[in-house]
Number of protein chains: 2
Amino acid sequence: MNTETKILKDIATLPVFSDLGTKELDGLLSLAQVRNYKKGKTLFRQGEEVTNLYFVIDGWVKVYKGSNSGDEAILQICGDGDILMAPSVFLDIPALASGQLVQDSKVLSLPAAAIRKEVTLNGKLAVNIIHSLSVYSQELIQKIEHSQLMTAAERVGWFLLKLSIQQSQGMQAVIKLPFDKSTIAAYLDMTPETFSRTLKQFKAKGFQIKSGTIVKPMPNALCGFCDEGLALECAAINCTMKTGRKTC
Amino acid sequence: MNTETKILKDIATLPVFSDLGTKELDGLLSLAQVRNYKKGKTLFRQGEEVTNLYFVIDGWVKVYKGSNSGDEAILQICGDGDILMAPSVFLDIPALASGQLVQDSKVLSLPAAAIRKEVTLNGKLAVNIIHSLSVYSQELIQKIEHSQLMTAAERVGWFLLKLSIQQSQGMQAVIKLPFDKSTIAAYLDMTPETFSRTLKQFKAKGFQIKSGTIVKPMPNALCGFCDEGLALECAAINCTMKTGRKTC
DNA sequence: GGTTTTTTTTGACATAGGTCAAGTCCATGA
DNA sequence: TCATGGACTTGACCTATGTCAAAAAAAACC
């Protein structure tokens, strides 16, 4: 099996494509294009017509909105398996946000018109898309909640916990920051300065921070930052630690 | 035609139900229940099982998440025609947020299980739901953008402009606040004090503010707060005013 | 390997908006 | 009509986080 075929096979396991007929899936994926892009590459720009639905195969893509004054609000940073631009594709409207790689990444593109059409023909695909959009909405809700209810330190702690869960099946102590600190800071709605000072607070609590790597003093050191959204993932890896605030 | 029948007929014109077969629509709506509730009534609570999909027929319902420290983040305030709880219903998970009326309102409930089932059977309904979720995502994105990129005064200006557009087909000068100022403040992610002080700034610019009514000094006084999201609605009412920042 | 460039950290300082505590206004209801 | 309680406003003050500038550390490049 060549690499291209293997990748398409992996893609077929994504939730959006699950339980589709083989024929329909092959039809869709025959229109798909998989490409590698360099960090910094802009995939699409706010206001432009949306020609593709994108899937991150491997890497990280930030989705953000710029303001007239040059600031930007990062809506999400999509990782492996994430879908980009779904709302714009299905409403057939210009891109609501811009998308730019924050790491070298492998990205799949699917023509917007094709997927719009297929959704009207294939009920199972439509249901899968409803699920994806629902999950996406959940993430946006979480982001609103975080930016309104949590302090900078809480947002950083939550983010580190999320990384920690993603990166280890058993809550190991080492966390690797997947992209620039300034990008993380922007994602967490704070300046790089604030992010840096916040990490210093973690250092004071026993965390070791060296360049892009962070080592927790104890495996459960971040459990105090667990929330509703992460609880499921915590449970999935049999993380039974408790915290003052919540069961993690 | 009695009142109940008339309401159901209105409901049938909602985007989510458009272009459904009469039979399917009647089947769904036969399970629907329309009720009037008083301001302050809690429709559903964060963490509880979701038994219904709700539609606001007439009134206002705030959807919010509470924090452990008692603060709350308002995700949206749903008005006429808006759908509540869609992500939780379609993922079949506990409510992500709580819902409470901020004005006496008429609300339609549709059993969650029924709509989940119908979506798998009726492709057109599924596509409509995809649209609704996409629009919902857009609104959440806008909220994130606002809370990160705009000052308190800008958020208030934007909100007043939105009300102004909703309330007049031709940009009249009078704006009526549809619910408590403290609720508006929370929705705009600020304290009642800040909201009050911000309104005072508007007063200084010629706005007349008396209890829950605001009168603009000029019909286009708020156009500087127009953004991408409102531009469409502005255009729809033939608002051709220009601002320093954007065409409204 | 050393030099340049970019990213991150640190310090000093500024400020938007929050907090707390009185007031004042207004709606409701007797 | 007045009394009462809740909603709103105002003032004084506070604090988390932003801003700006410079140093330090990493990363990229020759």
Side-chain angles (χ1 to χ4, degrees), chain A residues 38-40 60 62 67 69-74 100-104 146-160 175-204 207-214, chain B residues 38-40 60 62 67 69-74 100-104 146-160 175-204 207-214:
Chain A
K38 288 267 162 216
K39 173 176 172 175
W60 297 96
K62 78 170 173 188
S67 79
S69 57
D71 290 335
E72 62 183 44
I74 297 187
Q100 186 184 26
L101 306 222
V102 294
Q103 281 300 315
D104 295 354
H146 284 187
S147 75
Q148 301 197 1
L149 259 26
M150 288 169 42
T151 64
E154 286 169 334
R155 296 199 297 280
V156 170
W158 172 86
F159 181 75
L160 293 179
I175 301 167
K176 181 100 202 333
L177 300 181
F179 30 80
D180 296 349
K181 285 180 179 166
S182 56
T183 303
I184 297 173
Y187 174 61
L188 298 175
D189 191 21
M190 64 187 74
T191 59
E193 291 94 325
T194 298
F195 182 66
S196 175
R197 287 188 249 266
T198 305
L199 277 188
K200 208 157 73 172
Q201 292 174 31
F202 280 85
K203 215 181 249 171
F207 287 73
Q208 291 161 47
I209 296 160
K210 212 175 115 187
S211 181
T213 304
I214 294 175
Chain B
K38 288 266 163 218
K39 173 174 173 177
W60 297 96
K62 78 170 172 187
S67 79
S69 57
D71 291 334
E72 64 182 42
I74 296 187
Q100 187 185 25
L101 306 222
V102 294
Q103 281 301 317
D104 294 355
H146 284 188
S147 76
Q148 300 197 1
L149 258 28
M150 287 168 43
T151 63
E154 286 170 333
R155 296 200 297 281
V156 170
W158 171 87
F159 181 76
L160 293 180
I175 301 167
K176 182 102 203 330
L177 301 182
F179 29 81
D180 295 349
K181 284 179 180 168
S182 56
T183 303
I184 297 174
Y187 173 62
L188 298 175
D189 191 21
M190 65 186 75
T191 58
E193 291 94 326
T194 297
F195 183 67
S196 175
R197 287 188 250 266
T198 304
L199 278 188
K200 209 158 72 171
Q201 292 173 33
F202 279 86
K203 214 180 247 171
F207 286 72
Q208 291 162 47
I209 295 160
K210 212 175 118 188
S211 181
T213 302
I214 294 176

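Naming convention: chains lettered A, B, ... in sequence-line order (proteins, then strands); numbering from 1 in each chain.
Note: A:Ile74 CD1 to A:Leu188 CG = 9.0 Å, rounded to the nearest 0.5 Å. Atoms CG and CZ, on B:Leu199 and B:Phe207 in that order, are 10.0 Å from each other to the nearest 0.5 Å.
Contact between B:Gly40 and B:Gln100 at its shortest, heavy atoms only, is O-NE2, 2.9 Å. Across all their heavy atoms, A:Ala185 and A:Phe195 have their closest contact at CB-CB, 3.7 Å. Nearest heavy-atom pair across B:Pro178 and B:Trp60 is CB-NE1, 3.5 Å. Closest approach of A:Met190 and A:Ala152 over heavy atoms only: CE-O, 3.6 Å. Pairing each heavy atom of A:Glu154 with each of A:Leu149, the nearest pair is OE1-O, 4.1 Å.
On the nucleic acid side, DNA chain C contacts chain B at distances under 4.0 Å to non-hydrogen atoms, with the end points of that region at C:dG17 to C:dA27.
Applying the salt bridge (charged side-chain N to carboxylate O under 4.0 Å, His left out) criterion to B:Asp180, with sequence neighbours excluded, gives B:Lys39. A search for salt bridge (charged side-chain N to carboxylate O under 4.0 Å, His left out) contacts involving B:Lys38 returns B:Asp104, not counting sequence neighbours.
In the region residues 191-204 of chain A, proximity to DNA chain C at under 4.0 angstrom, judged on heavy atoms, holds for A:Glu193, A:Ser196, A:Arg197, A:Lys200.
Using a 4.0 Å heavy-atom criterion, one finds that A:Asp71 contacts no nucleic acid atom at all.
Remark: side-chain polar atoms of B:Arg155 are not paired, donor with acceptor, to backbone N or O of B:Ser147 under 3.5 angstrom. Put simply, the side chain of B:Gln103 never gets that close to the backbone of B:Phe179: no donor and acceptor are under 3.5 Å apart. Not one N or O on the side chain of B:Lys181 forms a donor-acceptor pair closer than 3.5 Å with the backbone of B:Gly212.
Atom CD in B:Gln148 sits about 14 Å away from atom C1' in D:dT17, given to the nearest Å.
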**Q.** Sequence-aligned protein contact record of nucleotides 22-30 of chain D, with B where the base is within under 4.0 Å of a protein heavy atom and S where only the sugar-phosphate is
**A.** ----SS---

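Fit an axis to the five pairs at each end of the helix from C:dG1-D:dC30 to C:dA30-D:dT1 and the two axes sit 50° apart, to the nearest 10 degrees.
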